[in-house]
2 protein chains.
Amino acid sequence: MDLLKQRIIDDGIIVSTEIVKVDSFLNQQLDVKLFEEIGKEIHNRFKNDEITKILTLESSGIAIATIASRYFDYVPVVFAKKAKPNTMNEQFYSSETKSFTKGNIYNAIVSKKYLSKTDKILIIDDFMAHGEAACSLANLALQAESTVVGIVAVIEKYYQGGSTKLRNLGYRVETLASIEKIKDGRIFFR
Amino acid sequence: MDLLKQRIIDDGIIVSTEIVKVDSFLNQQLDVKLFEEIGKEIHNRFKNDEITKILTLESSGIAIATIASRYFDYVPVVFAKKAKPNTMNEQFYSSETKSFTKGNIYNAIVSKKYLSKTDKILIIDDFMAHGEAACSLANLALQAESTVVGIVAVIEKYYQGGSTKLRNLGYRVETLASIEKIKDGRIFFR
């Protein structure tokens, strides 16, 4: 997706060969107009797959998943939580997840009410590194015996192996902007 | 906003006189079509206020803020974080916040890059109890010397005093569904 790649080049901040920050439009400040184009592109890739639900992880996946829902005729968005709220007294699915950015381990949690056997799930991950978050979301869907139709990595750092790992597990992974490498202060896409 | 009130009556789960859960459409599963109506209503109330930015708090404020942005000609959404990511190495504003739902205290954090003196900020709080989150967001905006044009409480439990406290501090607060009390397993609106 050229618009997104250009935006990453223009506004991404390269911290190291492992980290590029996209806070100014994706992870803290949100460019919703860009998200409309991302939503359209996601729909374009999965429009024939009878998606019934979009699954993502709090927090930064929520905005893109929300806009994407518009293009899938407003299918529900469900987001997994990184901590169990006091008010969650019902049964839930849980999957241990390692955060690349924060360096900690947490349980991704979703109420059993919101995933079912008949669901055809599209997983949206805003920024894929080692694929831990997406893998964990797929795990939650599998616990519910839902079908995982596919996984979207809006941006991925390809060289960190997330999408390859998920494809090897049999998942369809669609990436909108796949970073090949970060070198000499420049970002190279695949 | 009658559509929202009816939805709370239909799908809200009363846990106690203090807590009604709206996870099925607002806090874990998201009804984006409903959010479009909420976005329109928010715009209707603030359309003449030259809003330049929408400020909310992760996680559950993000989806509504994102849809609301569409109706304000795609002004940027900024969300405060409840923990500092490893990758945040720039300066940030911080405000101590007490969570009603989770019973803990955290620092709401936003990078200094995303709020400025010239910003006219609309704060969106998805579910107001004692008003701690909105107060904290207003505090972040004030640290940046931004103008807080108003605060939206999508749902509020009026009897917990959040909106009254904020109005006493001089803020304009607009509530879309204001719960007067929860009694005998029923929800009463103001």
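In what follows, every heavy atom counts, from backbone to side chain, and hydrogens, waters and symmetry copies are set aside. Computed from a predicted model, the values in this text were never measured in an experiment. Within every chain, numbering begins at 1; the chains are lettered A, B, ... in the order of the sequence lines, protein sequences first and strands thereafter.
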Task: Structural part of B:I54 lying under 4.5 Å from a heavy atom of chain A - done: neither

- [ ] Answer yes if B:L30 and B:V152 sit in the same cluster of Ile, Leu, Val, Met, Phe, Trp and Tyr residues linked by side chain heavy atoms under 4.5 Å apart, and no otherwise.
- [x] yes

Using a plain distance cut of 3.5 Å, could you tabulate donor-acceptor pairs between chain A and chain B?
| from | atom 1 | to | atom 2 | distance (Å) |
| --- | --- | --- | --- | --- |
| A:K21 | NZ | B:T87 | O | 3.0 |
| A:K21 | NZ | B:E90 | OE1 | 2.7 |
| A:S24 | N | B:Y114 | OH | 3.2 |
| A:N27 | O | B:K81 | NZ | 3.0 |
| A:Q28 | O | B:F79 | N | 3.0 |
| A:Q28 | OE1 | B:S111 | N | 3.4 |
| A:L30 | N | B:V77 | O | 2.6 |
| A:L30 | O | B:V77 | N | 3.3 |
| A:E36 | OE2 | B:R70 | NE | 2.8 |
| A:E36 | OE2 | B:Y74 | OH | 2.7 |
| A:E58 | OE1 | B:S59 | OG | 2.7 |
| A:S59 | OG | B:E58 | OE1 | 2.7 |
| A:S59 | OG | B:S59 | OG | 2.7 |
| A:R70 | NE | B:E36 | OE2 | 2.8 |
| A:Y74 | OH | B:E36 | OE2 | 2.7 |
| A:V77 | N | B:L30 | O | 3.3 |
| A:V77 | O | B:L30 | N | 2.6 |
| A:F79 | N | B:Q28 | O | 3.0 |
| A:K81 | NZ | B:N27 | O | 3.0 |
| A:N86 | ND2 | B:T101 | O | 3.0 |
| A:N86 | ND2 | B:K102 | O | 3.4 |
| A:T87 | O | B:K21 | NZ | 2.9 |
| A:E90 | OE1 | B:K21 | NZ | 2.7 |
| A:T101 | O | B:N86 | ND2 | 3.0 |
| A:K102 | O | B:N86 | ND2 | 3.4 |
| A:S111 | N | B:Q28 | OE1 | 3.4 |
| A:Y114 | OH | B:S24 | N | 3.2 |

Open item on the list: If hydrophobic clusters are built from ILVMFWY residues whose side chains come within less than 4.5 Å, do B:F25 and A:I67 share one?
Closed with: yes

Task: Same apolar cluster (I L V M F W Y, side chains within < 4.5 Å links), B:I182/B:M128 - done: no

Task: Under 4.5 Å from any heavy atom of chain B - which part of A:L55 - done: neither

Task: Atom group of A:I109 that falls short of 4.5 Å from chain B, counting heavy atoms - done: backbone

Open item on the list: Under 4.5 Å between side-chain heavy atoms, counting indirect links through other Ile/Leu/Val/Met/Phe/Trp/Tyr residues: same cluster for B:L176 and B:I155 or not?
Closed with: yes

TODO: Could you state whether A:M88 and B:V22 fall into the same hydrophobic cluster, counting links through intermediate Ile, Leu, Val, Met, Phe, Trp or Tyr residues with side-chain heavy atoms under 4.5 angstrom apart?
DONE: no

Open item on the list: Please classify the contact of A:V32 with chain B as side chain, backbone, both or neither, using a heavy-atom distance under 4.5 Å.
Closed with: both

Task: Other cluster members, A:F188 - Ile/Leu/Val/Met/Phe/Trp/Tyr, side-chain contacts below 4.5 Å - done: none

